[in-house]
2 protein chains.
Amino acid sequence: MRILIVEDDAVLGDGLSVGLRLSGFSPELVDSCADARHAIGMEGFEAVVLDLMLPDGSGLELLRELRQRGSDMPVLMLTARDGLDDRVTGLDAGADDYLGKPFELPELSARLRALTRRAQGRAENLLHWNGLALDTAKMSGQRGAEEIAFSRREFTVLAALMERPGSILSKAALEERLYGWQEDVESNTVEVHVHHLRAKLGSGFIQTVRGAGYRLAPEGAA
Amino acid sequence: MRILIVEDDAVLGDGLSVGLRLSGFSPELVDSCADARHAIGMEGFEAVVLDLMLPDGSGLELLRELRQRGSDMPVLMLTARDGLDDRVTGLDAGADDYLGKPFELPELSARLRALTRRAQGRAENLLHWNGLALDTAKMSGQRGAEEIAFSRREFTVLAALMERPGSILSKAALEERLYGWQEDVESNTVEVHVHHLRAKLGSGFIQTVRGAGYRLAPEGAA
DNA sequence: ACCACCATGCGCATCCTGATCGTCGAGGAC
DNA sequence: GTCCTCGACGATCAGGATGCGCATGGTGGT
């Protein structure tokens, strides 16, 4: 689960990175508004941990900007311990949650998990491709009248592919999606899951690009 | 939509005001029973968010008074995290809904919206699925002529599932609903409650999705 | 008495693992 | 250019470990 951390204090930032990675997230650390804007533009993050005091501007500005662009990405604000005003303005600006410093890592990760869970509920949950509708809330797909069930790993792989239809995802990328931070598992699990998916979706649905990875077949193909 | 907030904690009250305004309400904040009485007399509010502990009396008193005067204004109670008795007495006294602290703003506004909708359309607080009608005010269900009673925890789990019929809710999500995310309680309470629910509703009513969570069985199934 | 929580053992779906087989494509010989 | 060979990569399959979810009973609190 990719998390963007926007924090200019190097020590705290590193601590957060390490801690969250240990808790099963895949954090990315930036230390300025500019970098944050850039990173958010790249997409792929499921939540943002946002410090208010940044060298090149206030985190609040960034937040407002984000919301004005219509993003509903979950944002957790880090505020000074007694910055009550900050909290109110933060919520006002569209933060989903806040945490006063100093804080405990377990609490942060718990809240992050809660945030991402909640975000899932409100997001539009349907991905479409080539006649298949994938419902991420139900972890199942539908093609015509036929309902197709997936196991968790199968679903994870398929969802990753359908989020970027047509683009090639390397096996390493898919592995990271399956296992997150952890070391690369030495085996061919991805291939096996793709195999199972093809059994359910038809052998043409997922194409393999030799030496590069997998992608969804162009629409119109079987 | 004008909402009256009765809350004596300044920080929480402010947060509520801001948050609800964000969500499109027009909240008014008072911090005592006396002010609340006065404000309600002015009419014009569509719902009340009522804290139980107030400096000049219990919110329960206020609630009872209100109902005795024949008002059917929607009231959402805020209760302490483990104030289970409070909830029961609160519902008895005529509250339409309750929310344990700490709570999430999005949930509060969602519930408020539901409350006002309900009051408007006189729609009942009933959730339907597969022949079961769940009355969220009475904490009980009905299937055909048979009335089914649930314990609080059972009800909470069931209501969560029925609010998103067909969606998969992870155990973590259900735990959050039960305990309001603090520490993840290391135990299998959710499983046990599901077990009890299945005993009352039939083993097919709630499906388990291995590695993911639980969901209601598709309609038409047992 | 009821309800909620915790602990334990078991059964089984799921996923991993590793071996084997199939396939693709580059390069060389003719 | 055509064919062949070979190496690398991917597909497939089956056995087996893992860990999840279920059932059940016990304990404590209300």
Side-chain angles (χ1 to χ4, degrees), chain A residues 24 139-140 148-158 160-161 168-180 182-215 217, chain B residues 79-89 92 100 139-140 148-158 160-161 168-180 182-215 217:
Chain A
M139 248 183 54
S140 75
I148 306 176
F150 302 101
S151 83
R152 198 160 56 107
R153 298 262 128 108
E154 287 165 15
F155 175 81
T156 305
V157 171
L158 181 58
L161 287 167
I168 299 178
L169 294 190
S170 70
K171 265 187 285 196
L174 291 171
E175 262 174 18
E176 186 190 331
R177 179 82 176 233
L178 282 172
Y179 308 109
Q182 278 169 353
E183 329 191 3
D184 294 313
V185 203
E186 295 220 4
S187 95
N188 58 351
T189 50
V190 172
E191 292 163 18
V192 172
H193 290 305
V194 169
H195 176 59
H196 290 148
L197 282 170
R198 292 212 250 239
K200 292 182 176 177
L201 297 170
S203 60
F205 198 87
I206 298 176
Q207 288 185 340
T208 124
V209 184
R210 221 153 214 273
Y214 298 92
R215 70 168 170 195
Chain B
T79 74
R81 167 157 184 268
D82 49 358
L84 300 177
D85 290 343
D86 287 351
R87 296 183 185 177
V88 175
T89 24
D92 281 347
M139 270 195 18
S140 75
I148 307 175
F150 301 103
S151 79
R152 263 191 312 271
R153 298 264 127 113
E154 287 165 14
F155 175 79
T156 306
V157 170
L158 182 57
L161 287 167
I168 297 179
L169 294 190
S170 69
K171 263 187 289 194
L174 292 171
E175 265 172 15
E176 179 189 326
R177 182 76 177 243
L178 284 172
Y179 308 111
Q182 317 272 4
E183 302 265 330
D184 286 317
V185 200
E186 294 233 359
S187 89
N188 58 353
T189 48
V190 172
E191 293 165 19
V192 173
H193 290 306
V194 169
H195 177 59
H196 291 148
L197 282 171
R198 291 212 251 239
K200 292 182 177 177
L201 297 170
S203 61
F205 197 86
I206 298 177
Q207 288 185 340
T208 126
V209 184
R210 219 154 214 272
Y214 297 92
R215 71 166 170 194

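Per chain, numbering begins at 1; letters A, B, ... match sequence-line order. Atom set for the values below is all heavy atoms of this structure, side chains included, hydrogens, waters and symmetry mates excluded.
Phosphate proximity of dA11(D) to Y214(A): present, with a side-chain N or O under 4.0 Å from OP1 or OP2. Here S151(B) reaches the OP1 or OP2 of dA4(C): one of its side-chain N or O atoms lies under 4.0 Å away. Phosphate contact (OP1/OP2 of dC3(C), side-chain N/O of H193(B), threshold under 4.0 Å): absent. Remark: R153(B) is in phosphate contact with dC5(C), judged by side-chain N or O atoms under 4.0 Å from OP1 or OP2. In this structure, Y179(A) reaches the dC16(C) phosphate: one of its side-chain N or O atoms is under 4.0 Å from OP1 or OP2.
The distance between atom CD of Q207(A) and atom C1' of dG10(D), rounded to the nearest whole Å, is 15 Å. With rounding to whole Å, L197(A) atom CG is found 17 Å from dG10(D) atom P. We find that CG of N188(B) is positioned 10 Å from C1' of dA23(D), with the value rounded to whole Å. As a whole-Å value, the separation of E175(B) CD from dG21(D) C1' is 14 Å. Nucleotide dC6(C) holds its P atom 14 Å from the NZ atom of K171(B), rounded to whole Å. Atom pair M139(A):CE and dA13(C):P shows a separation of 16 Å (rounding to whole Å applied).
Closest to the R152(A) side chain, of the nucleotides dC15(C), dA11(D), dA7(C), is dC15(C). Side-chain atoms of E191(A) lie closest to dG10(D) of the nucleotides dA4(C), dT17(C), dG10(D).
Using a 4.0 Å heavy-atom cutoff across all strands shown, R210(A) reaches at least one base atom of the nucleic acid. Residue H195(B) is classed as a base contact, given a heavy-atom separation below 4.0 Å to a base. Counting any heavy atom pair closer than 4.0 Å across all strands shown, V194(A) reaches no nucleic acid atom.
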Can you list the steps and then say if L201(B) with F150(B) is a side-chain contact (heavy atoms from CB on, under 4.5 Å)?
-> CA-CA 10 Å; L201(B) 297 170; F150(B) 301 103; 4.1 Å; yes

Please report the C-alpha distance between T208(A) and R198(A) in whole Å, then the side-chain angles of each, then the deciding distance to 0.1 Å, and finally whether the side-chain contact (heavy atoms from CB on, under 4.5 Å) criterion is met.
-> CA-CA 11 Å; T208(A) 124; R198(A) 292 212 250 239; 3.2 Å; yes

Could you go through the side-chain contact (heavy atoms from CB on, under 4.5 Å) check for L158(B) and K200(B) one step at a time?
-> CA-CA 11 Å; L158(B) 182 57; K200(B) 292 182 177 177; over 6 Å; no

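A residue-by-residue look at L178(A) and V192(B) shows that V192(B) has its nearest nucleotide of DNA chain C further toward the 5' end. Mapping G213(B) and H196(B) onto DNA chain D by nearest heavy atom places G213(B) at the nucleotide closer to the 5' end.
A side-chain contact (heavy atoms from CB on, under 4.5 Å) with Y214(B) holds for exactly one of L197(B), L174(B), V157(B), I168(B); it is L174(B).
Annotation: the span from R215(A) atom CZ to Q207(A) atom CD amounts to 5.0 Å, rounded to 0.5 Å.
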